[in-house]
Amino acid sequence: MPVQNAEIAAMFDQTAELLEIKGDNPFRSRAYRNAARVIERLPKSITTLLKAGEDLSELPGIGKDLAGKIATIVATQKFDVLDRLKRELPGDLGEIAALPGLGPKRVKLLYDRLGVHSLEDLRRAIRSGRLRKLRGFGAKSEEKLAAALAKPQAEKRFKLAEAEGEAEAMLAYLRSSAGLDQAVIAGSFRRRRDTVGDLDILVTARDGASVGERLTKYENVASVLAHGPTRTTVVLRSQLQVDLRVVPKPSYGAALLYFTGSKAHNIALRGIANDRGWKLNEYGLFADKRRIAGATEDEIYRKLGIAAIPPEMREDRGEIALAKTGKLPKLITLGDIRGDLHVHSNWSDGTAPIAEMAAAAQARDYAYIAITDHSHHVTVAHGLDAARLARQIDEIDRLNEKLEGFTVLKGAEVDILADGNLDFPDKVLSKLDFVVAAVHYKFDLSRKAQTERLIRAMDNRHVSIIAHPTGRLINEREPYELDMEAIIAAAAARGCHLELNADPDRLDLTDIHAHTAKAAGVKLAISTDAHSIGGLGNVRFGVDQARRAWLEAADVINAQPLSRLKKLLKR
DNA sequence: GCCGTTTTCGGCCCGACTGTTTTCAGTCG
């Protein structure tokens, strides 16, 4: 098994961690961390790149030295720098540094002075009263660390849709504060990541301190972690952390930029400011002490001489280079979507009749919808057999005769059997406008077998779209083992499309995979997999994810008019 | 360890809050 990108990234992260604890040059450890981020989001595996003879030092943040080290890791599965550091600083120092309030400096102090090599050592140091005697530690540190050690370290990220529910309720509460001007959720929530680790709220107000005060009294607050005049951090009962920041109005744009992130994007922007001899912080863009921009984000981007970058793209994945040359993609919007290509009715496990789903789609100003009920192998969903499918096709034909300016397409979500064969024979499939194929059973095949299974399904020319390609359910089920690089290449070669499932529990493909697919020339379908009328509304989550993947309307088949869509569905 | 239209040295993002200290280092985002 070749070394995965994620494994190399993890080695570099560990190396950075230990270098920090050791007290090595901080910029050296930063270089390892930067390289780890670059590697983990590469669209292709390092192994593939090396085989193709690519020069890894061409990658941003990776120079001659790290390129050589990566090649050695791939060849030997070992990283001598990390191995040496581990021998030098034995134990689980990474776990210790992950505790809140402990960073590299304090971990080193604990290691040197108290011989703390593990979480268990730390527990003992606390019990024996030695910790609080250490310079820089006291009763508070002891208490907080004891609490952190007592509860399991399940660092949870929240699904975007879950966070939205929390955010809306809290915003409504805060907006009733006296003197509140603006309140907006920034952070990864505004970048529309599939999951968020916390909520970052930015506020402008006449009396900022009182807004922070009000947040600490919110009924859903479980604990207050920090509370100052301009910044307050609380944890909600749901365990979602909330950071509130108050800034004066002329700084709103700068603060929004800063608080939206990503951190890596901000660092890159600050680098541009530095190059011009300016300084960028959350209060504005400054030449000496003079603020030259700050009220809006656009103003700051303009002053920096680059195009304004949409929040969804702010990940330092190459967007800044595009903005410098004015070549940012024109990201797809909700208004570009003309139909939904994965929808269930009450013929299988949906709740509404076909006519009602169609009417709801028309109400959304769509031009078409595809009914794609399950095939019979998916018995738990009352999958259709060939006879029922034939009757459903008749019903849709009759419905289409009555509809004007709107078309119901005849599809099916056909189960991909373990061997890659489909759950209907070609004779049945040929009666449909197109087929969505998906895996519903046997998630535990080997990576090789699972990949072959999906490619085999794509070999069938009736299959136009592979639905929820990795099968993941966020926070509930891991994606099945799959060589996505091979899947995308196979889809490109066959003119098959991949789904970006918009269900907020799935969001499958991920942003990175969707971006890779686009780069490979594969088009995507942003589909809701709706099982009810309300489910159609999830399309916005799919569009958010698509924007994170840099998709434009041209990359998305259901952003095309019906005539063009029909051509794209034919293979 | 990376990087470069102020290049091969000398930089590398920036500020708020906490705890412990008595003026600030460390952590965090």
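Chain naming here is simple, since letters A, B, ... match the order of the sequence lines and numbering starts at 1 in each.
Here the C1' atom of nucleotide B:dG1 and the CZ atom of A:Phe12 are 10 Å apart, to the nearest Å. A:Phe27 has its CZ atom 6 Å from the P atom of B:dC12, to the nearest Å. Here B:dG29 presents its P atom at 19 Å from CZ of A:Phe189, a figure rounded to the nearest Å. To the nearest angstrom, C1' of B:dC2 lies 11 Å from CZ of A:Arg30. Atom-to-atom, CG of A:Asp243 to C1' of B:dG29 comes out at 7 Å; the value is rounded to the nearest Å. In this structure, A:Glu58 places its CD atom 15 Å from C1' of B:dG4, rounding to the nearest Å. At whole-Å resolution of the value, CD in A:Glu17 and P in B:dT27 are 11 Å apart. Distance A:Lys279 NZ to B:dC12 P: 13 Å, rounded to the nearest Å.
The side chain of A:Asn34 places no N or O atom within less than 4.0 Å of a non-bridging phosphate oxygen (OP1 or OP2) of B:dC3.
Here A:Asn266 lies out of heavy-atom contact (under 4.0 Å) with every strand. Nucleic acid contact for A:Pro60: sugar-phosphate only, since backbone atoms but no base atoms lie under 4.0 Å from a heavy atom of the residue. The residue A:Leu269 sits apart from the nucleic acid: no heavy atom pair falls under 4.0 Å. As judged by a 4.0 angstrom heavy-atom cut-off over every strand, A:Lys108 is placed among residues making no nucleic acid contact. If you check every strand for non-hydrogen atoms under 4.0 Å, A:Asp198 touches nothing.
Distances from the side chain of A:Glu282 to the nucleotides B:dC13, B:dG29, B:dG15 place B:dG15 closest. Nearest nucleotide to the A:Pro104 side chain, out of B:dG29, B:dC14, B:dT27: B:dT27. Nearest to the side chain of A:Pro229, among B:dC17, B:dG29, B:dC13, sits B:dC17. Closest approach to the A:Tyr32 side chain among B:dC14, B:dA16, B:dG1 is made by B:dG1 (side chain taken as heavy atoms from C-beta onward). When distances run from any side-chain atom of A:Tyr258 to the nucleotides B:dG1, B:dG29, B:dC14, the shortest one goes to B:dG29. Among the nucleotides B:dT18, B:dG1, B:dC13, the one closest to any side-chain atom of A:Lys69 is B:dG1. In the set B:dG1, B:dA16, B:dC14, the nucleotide with an atom closest to the side chain of A:Asn281 is B:dC14. Picking from B:dG1, B:dC17, B:dC28 the nucleotide with the shortest atom distance to the side chain of A:Arg231 gives B:dC17.
For A:Asp200 against B:dG29, no side-chain N or O and base N or O form a donor-acceptor pair under 3.5 Å.
Because its NZ or CZ atom is both nearer than 6.0 Å to the ring centre of A:Phe189 and within 45° of the ring axis, A:Arg192 counts as a cation-pi partner of that residue.
Across all strands shown, B:dG15 is found opposite B:dC28 as a Watson-Crick or G-U wobble partner, with both distances under 3.5 Å.
Taking all atoms of both residues into account, the shortest heavy-atom contact from A:Arg33 to A:Ala16 is CG-CB, 3.5 Å.
Side-chain atoms of A:Thr195 and A:Lys159 include no donor-acceptor pair closer than 3.5 Å.
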Return the polar atom pairs (N/O with N/O) between nucleotides 20-25 of chain B and the protein under 3.5 Å, or none.
residue, atom, partner, partner atom, Å
B:dT20, OP1, A:Gly138, N, 2.3
B:dT20, OP1, A:Gly138, O, 3.3
B:dT20, OP1, A:Ser141, N, 3.4
B:dT20, OP1, A:Ser141, OG, 2.9

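Residue-to-nucleotide proximity on DNA chain B shows that, of A:Lys144 and A:Asp65, the 5′-proximal contact is made by A:Asp65. Remark on DNA chain B: of its neighbouring residues A:Gly61 and A:Ala226, the 5'-side contact belongs to A:Gly61, judged by nearest-heavy-atom nucleotide.
Only one option out of A:Arg193, A:Arg191, A:His265, A:Lys263 pairs with A:Glu315 in a side chain to side chain donor-acceptor pair (under 3.5 Å); it is A:Arg191.
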Could you give me the CA-CA distance, side-chain angles and deciding distance for A:Tyr252 and A:Val184, then say whether side chain to side chain contact (heavy atoms under 4.5 Å, CB included) is met?
CA-CA 10 Å; A:Tyr252 180 74; A:Val184 62; 3.4 Å; yes
Side chain to side chain contact (heavy atoms under 4.5 Å, CB included), that's the test. Do A:Leu89 and A:His117 meet it? Break it down for me.
CA-CA 8 Å; A:Leu89 296 166; A:His117 293 209; over 6 Å; no
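Considering only residues two or more places apart in sequence or on other chains, A:Glu88 meets the salt bridge (charged side-chain N to carboxylate O under 4.0 Å, His left out) condition with A:Lys22.
Taking the centre of each ring, A:Tyr283 and A:Tyr258 stay at or above the 6.0 Å mark.
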